Amino acid sequence: NNTRKTKKNLPPGPPRLPIIGNLHQLGSKPHRSMFKLSEKYGSLMFLKFGNVSTVVASTPETVKDVLKTFDVDCCSRPYLTYGARLSYNRNDLVFSPYSKYWRELRKWTVVELYTAKRVKSFGHIRREEVASLVDFIKQSASLEKQVNFNLQFMKLSASVICRLGFGITLEGSKLENTYDQVIQGIMEVTGSFAAADFFPVVGGLIDRLTGLHSKCEKVFKAMDEFFDEAIKHHLDDDSIKDDIIALLLKMERGEIGLGEFQLTRNHTKGILLNILVAGIDTSAQTATWVMTHLITNPRVMNKVQAEVRQVIKNKDHITDEDIKQLEYLKVVIKETLRINPLVPLLVPREASKDIKIAGYDIPKKTWIHVNVWAVHRSPNIWKDPEVFIPERFMDNEIDYRGLNFELLAFGSGRRMCPGMGMGMALVHLTLINLLYRFDWKLPEGMDAKDVDLEESYGIVCPKIVPLELIPVITHWT
Ligand code: HEM
């Protein structure tokens, strides 16, 4: 066995410590630490986390190998202890390994849930919820009160997802007062480098000591009770026929099929987890980052507001055609997704067989991290990568739809985000309304340079310090 191991041509990587390997080098922001290490050790780098072998791809070329050339062999997911717990034992789409079940589920969700038709049919929900946010902002503006974007965008996104995903309103539901802690808790738990994943037996004990285990159980309980509530609402009212839970319950009863698979309540809840978690935080935090970059770049703010006001002028009903015309807003969003990709390491993958990438051996079961952050901040690809310059996207066709390996905010290949259309529809509508109707200023005594730009780390990376701005009523309001 040893002889075989020594013959492997593994990618280069930093020296490691006994037992923990390279875990001590991850720091509080693994995407940034891995980027730094990759500058020294290369675009495909080998790390060891406890007893888990990992490679990290950090350039468009190696990322393309993982997500396109060898996608089929690299698109499984490793067993993540807390991801498995929260997804009802990997019965969902995000944490499920690459398998017949995942393929059937992915096919079904892409045809039934994440279609352009559904995104369009939920338009009235988005419009109503954005309108109630606008009302709230008007009140804050008249009182000159600050609006906390992290909170308000989370509430908006949660309200939309509750109605379209679960057929109930957030207000009055079991998550009404806790949705932000629960969702962020889930993101932190699933994004943490958990000891249980890297050290058999003793890892579980370490997580109990650090509190990770109990945090996971706490958010699981809150989430599970919410799912029970939403499912009960559907079981009690059989006039609800066409929403997502109604469809899943039909599958449980065998009235419609998922290939050869018979869905159980745990499958239903696993699938609901993806809608709850993957849908709310990502869209809300993306919109928050856009507003953060706009308030710190007044030139860009003025330009994008002028465009929005010219195109939307006096329209109550914003259509897809209007959105298509907002060329500058589009590049502002692209630049935000470049500089703050919400899922900077994507979701970890696992090699399902021995493969060779860029001449290096990647043994079966190796974890694969795609460091989108490194690609988006590389000076070899982007001039002044740390600076927010939307214009950089004006003279090229680079887009985030998974075809350009320089910009991968939604991933690419078989595991690419299926909810991109749904998420971006809400991000666009929200921003258009906020930029069209209000001017924005920083709280008294604060300057653009005082705005904190630091991201936290979980499976998604929101802004740590909430963005708080004062809305100003204009004649557009
Ligand atoms: C701006 C908003 C969003 C961003 C930036 C985003 C980003 C991502 C990323 C980077 C991945 C991982 C891809 C990979 O591992 O290769 C992902 C996966 C996923 N996203 Fe999104 N997402 C967003 C909105 C949504 C919404 C609204 C939903 C659903 C309602 C959703 C559902 C999912 C699901 C189910 C997966 C797992 C796919 C799989 O593993 O097969 N996302 N998303």
Side-chain angles (χ1 to χ4, degrees), residues 31 57 63 66-68 71 74-78 80 83 87 90-99 101-110 112-115 118-119 122 125-126 153-154 156-158 160-166 183 187 190-191 244 270-290 333-334 336-338 340-350 367-373 375-376 400-402 405 407-431 459-462:
H31 50 289
V63 167
V66 172
L67 300 183
K68 186 171 179 195
D71 187 24
C74 298
C75 73
S76 203
R77 301 282 195 215
L80 299 172
S87 60
R90 309 168 94 195
N91 276 318
D92 71 327
L93 207 54
V94 179
F95 298 104
S96 165
Y98 184 58
S99 58
Y101 170 71
W102 176 85
R103 284 194 294 277
E104 288 291 351
L105 183 59
R106 175 95 193 187
K107 203 164 64 186
W108 180 74
T109 51
V110 167
E112 285 290 344
L113 302 190
Y114 301 119
T115 56
R118 248 187 213 273
V119 172
F122 290 134
I125 298 183
R126 278 191 297 273
F153 283 165
M154 273 292 270
L156 166 71
S157 194
V160 170
I161 290 285
C162 271
R163 284 178 67 190
L164 67 81
F166 305 105
I183 288 160
M187 291 304 193
T190 50
I244 293 166
I271 297 163
L272 294 182
L273 164 85
N274 294 160
I275 296 166
L276 181 77
V277 179
I280 296 179
D281 214 19
T282 44
S283 313
Q285 305 298 350
T286 298
T288 305
W289 278 120
V290 173
I333 293 175
K334 274 189 199 175
T336 304
L337 290 169
R338 179 191 72 80
N340 288 105
L342 250 283
V343 194
L345 292 173
L346 301 185
V347 182
R349 288 155 183 258
E350 186 181 82
W367 288 27
I368 304 169
H369 285 294
V370 172
N371 195 349
V372 167
W373 182 276
V375 174
H376 288 193
Y400 48 70
R401 287 167 201 280
F405 292 85
L407 190 67
L408 287 164
F410 295 91
S412 176
R414 285 172 175 72
R415 288 283 182 167
M416 187 178 164
C417 174
M420 181 177 73
M422 205 178 271
M424 291 315 272
L426 182 61
V427 169
H428 277 94
L429 190 69
T430 310
L431 291 171
I459 212 165
V460 304
C461 292

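Please read these numbers as outputs of a predicted model, since none were measured by experiment. What you see below is based on every heavy atom in this structure, not just the backbone, and it leaves out hydrogens, waters and symmetry mates. Counting starts at 1 for both ligands and their atoms, following the listed order. For this chain, numbers begin at 1 and follow the sequence in order.
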Find the distance between [atom1] ([X]) and [atom2] ([Y]) and round it off to the nearest 0.5 Å.
X: I280; Y: F153; atom1: CD1; atom2: CZ; answer: 15.0 Å
X: W108; Y: E104; atom1: CH2; atom2: CD; answer: 12.0 Å
X: L273; Y: L93; atom1: CG; atom2: CG; answer: 10.5 Å

Give a yes/no on ligand 1: does M420 have at least one heavy atom closer than 4.0 angstrom to it?
->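 In this structure, M420 fails to qualify as a contact of ligand 1 - no heavy atom is under 4.0 Å.
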Compute the minimum heavy-atom distance from Y114 to ligand 1 and say whether it is under 4.0 Å.
->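 Yes.
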Heavy atoms only: which of G421, G423, A409 is nearest to atom 10 (C) of ligand 1?
->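 Of the listed residues, A409 has the closest heavy atom.
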Pick from R414, M416, R349: the one approaching atom 16 (O) of ligand 1 most closely through a non-hydrogen atom = R349
What protein heavy atom is closest to [atom], reported as residue, atom name and distance in Å?
atom: atom 42 (N) of ligand 1; answer: C417 SG, 3.0 Å
atom: atom 25 (C) of ligand 1; answer: A278 O, 3.4 Å
atom: atom 9 (C) of ligand 1; answer: V343 CG2, 4.0 Å
atom: atom 41 (O) of ligand 1; answer: R106 NH1, 3.0 Å
atom: atom 4 (C) of ligand 1; answer: F410 CE2, 3.3 Å
atom: atom 23 (C) of ligand 1; answer: T282 OG1, 3.4 Å
atom: atom 13 (C) of ligand 1; answer: R415 O, 3.3 Å
atom: atom 28 (C) of ligand 1; answer: G419 CA, 3.6 Å

Give the atom numbers and elements of ligand 1 that come within less than 4.0 Å of a heavy atom of [X].
X: T286; result: 1 (C)
X: V94; result: 36 (C), 37 (C), 40 (O)
X: P418; result: 19 (C), 20 (N), 33 (C), 34 (C), 35 (C), 36 (C), 38 (C)

Before signing off on this row, confirm whether S283 and ligand 1 have an N or O atom pair separated by under 3.5 Å.
-> no
Between N274 and ligand 1, does any nitrogen or oxygen pair lie at a separation below 3.5 Å?
-> no
Which atom names give the shortest non-hydrogen contact between [X] and [Y], and what distance separates them?
X: L276; Y: I161; answer: CA-CG2, 4.3 Å
X: V119; Y: R126; answer: O-NH2, 2.6 Å
X: S283; Y: V427; answer: O-CG2, 3.6 Å

What part of R77, side chain, backbone, both or neither, has a heavy atom within less than 4.0 angstrom of ligand 1?
->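 Under 4.0 Å from ligand 1, R77 contributes side-chain atoms alone.
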Note: V347, heavy atoms under 4.0 Å from ligand 1, region reported as both
Ring geometry between H31 and W373 (parallel below 30°, tilted from 30 to 60°, perpendicular above 60°) = perpendicular
Answer yes or no: is there a side-chain heavy-atom contact under 4.5 Å between [X] and [Y]?
X: Y98; Y: R414; result: yes
X: F410; Y: R401; result: no
X: R77; Y: F95; result: no
X: V372; Y: F405; result: no

Under 3.5 Å donor-acceptor, S412 side chain and L408 backbone =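 No, because the side chain of S412 does not come within donor-acceptor range (under 3.5 Å) of the backbone of L408.
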